[in-house]
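For clarity, every value in this text was computed on a predicted model and none was experimentally measured. Letters A, B, ... are given to chains in the order of the sequence lines, protein chains preceding strands, and every chain is numbered from 1. No hydrogens, no waters, no symmetry mates; every other heavy atom, side chains included, goes into these values.
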Protein chains: 2
Amino acid sequence: MTFANVGTLETQPGQREAVVAILTRSNPQLAEAGCLHYEVGTSDEKPDTVFVTELWTSAEAHQASLQLPSVRGAIAEAMPLLTGQMDGFQYEVAGSPLRD
Amino acid sequence: MTFANVGTLETQPGQREAVVAILTRSNPQLAEAGCLHYEVGTSDEKPDTVFVTELWTSAEAHQASLQLPSVRGAIAEAMPLLTGQMDGFQYEVAGSPLRD
């Protein structure tokens, strides 16, 4: 069942664009691992926050992706730029009004 | 710029599936109004919560969609089934590791 992982990452002051650059770096392994959608963004209202919305073929595919060397590398690279303050939620997709 | 609207809706006890049914009802007007992605779901960990992740061509397109009769009707239908407790965030998409 399609799995959604949605969250916010608080960055150290002035490090937002660096975190966005790490998270948006092209990574074909994500699609191979079952990632259907991965959108990274920002908001003027929260200048030290990075927003991430992910859709995966399953919760297990998402979990397994965290062990990919490319993903572990990105996490290790981003971690010093974050405060550790994170928020978000995970859910199973039930449907969409865009589909019949 | 692509706009993301992500949120949770707390439902009255036992009304979660009714709210999911309203929000996932096929609505071609959404795509015409600039909706790129609209995923509705649930989580076993929060039995009275409905999760929604939306992507729109712009914040303005999302705002304008709230005036569509079909959307106003769905909101009016869902409202009595909700507690009014909502959470979430909005952001502008900067990029994706799934794209070059």
task = Report the C-alpha separation of A/E10 and A/T49 in whole Å, then their side-chain angles, then the decisive distance to 0.1 Å, and conclude whether the side-chain hydrogen bond (donor to acceptor under 3.5 Å, both in side chains) test is met.
result = CA-CA 4 Å; A/E10 188 180 79; A/T49 298; 5.4 Å; no
Euclidean distance, A/L9 CG relative to A/L81 CG, rounded to 0.5 Å = 11.0 Å
remark   = Checking heavy-atom separations under 4.5 Å from chain B, one finds in residues 13-24 of chain A A/V20, A/L23, A/T24
message = For residues 84-95 of chain A, give me every residue with a non-hydrogen atom less than 4.5 Å from any non-hydrogen atom of chain B.
response = A/F89, A/Q90, A/Y91, A/E92, A/V93, A/A94, A/G95
inquiry  = Which heavy atom of A/T11 sits nearest to which heavy atom of A/T83, and what is that distance?
reply    = O-CG2, 3.6 Å
ask   = Which atom pair, heavy atoms only, marks the closest approach of A/A61 to A/A33?
value = CB-O, 3.4 Å
ask   = Of the backbone (N, CA, C, O) and the side chain (C-beta and beyond), which part of A/V52 lies under 4.5 Å from a heavy atom of chain B, both, or neither?
value = backbone
B/L82 CG to B/Q12 CD distance, which is reported to the nearest 0.5 Å = 7.5 Å
task = Identify whether A/L68 and A/F3 are in the same connected component of the hydrophobic contact network (ILVMFWY, side-chain heavy atoms under 4.5 Å).
result = yes
Without placing hydrogens or testing angles, list every side-chain donor-acceptor pair under 3.5 Å for residues 35-42 of chain B, not counting sequence neighbours.
unit_1	atom_1	unit_2	atom_2	d
B/E39	OE1	A/R99	NH2	3.0
B/E39	OE2	A/R99	NH1	2.9

task = Using heavy atoms and a sub-4.5 Å threshold, report which of residues 69-78 of chain A line up against chain B, by residue number.
result = none
inquiry  = Please determine whether residues A/L55 and A/V6 belong to a single hydrophobic cluster, defined as Ile, Leu, Val, Met, Phe, Trp and Tyr linked transitively by side-chain heavy-atom distances below 4.5 Å.
reply    = yes
remark   = Distance col, row A/L30:CG vs A/H62:NE2, nearest 0.5 angstrom, shows 10.0 Å
inquiry  = Can you tell me how far apart CG (B/N5) and OG1 (B/T53) are? Round to the nearest 0.5 Å.
reply    = 9.0 Å
message = Under a 4.5 Å cutoff for heavy-atom pairs, which residue among B/V50, B/D44, B/T8 has the most contacts with chain A?
response = B/T8
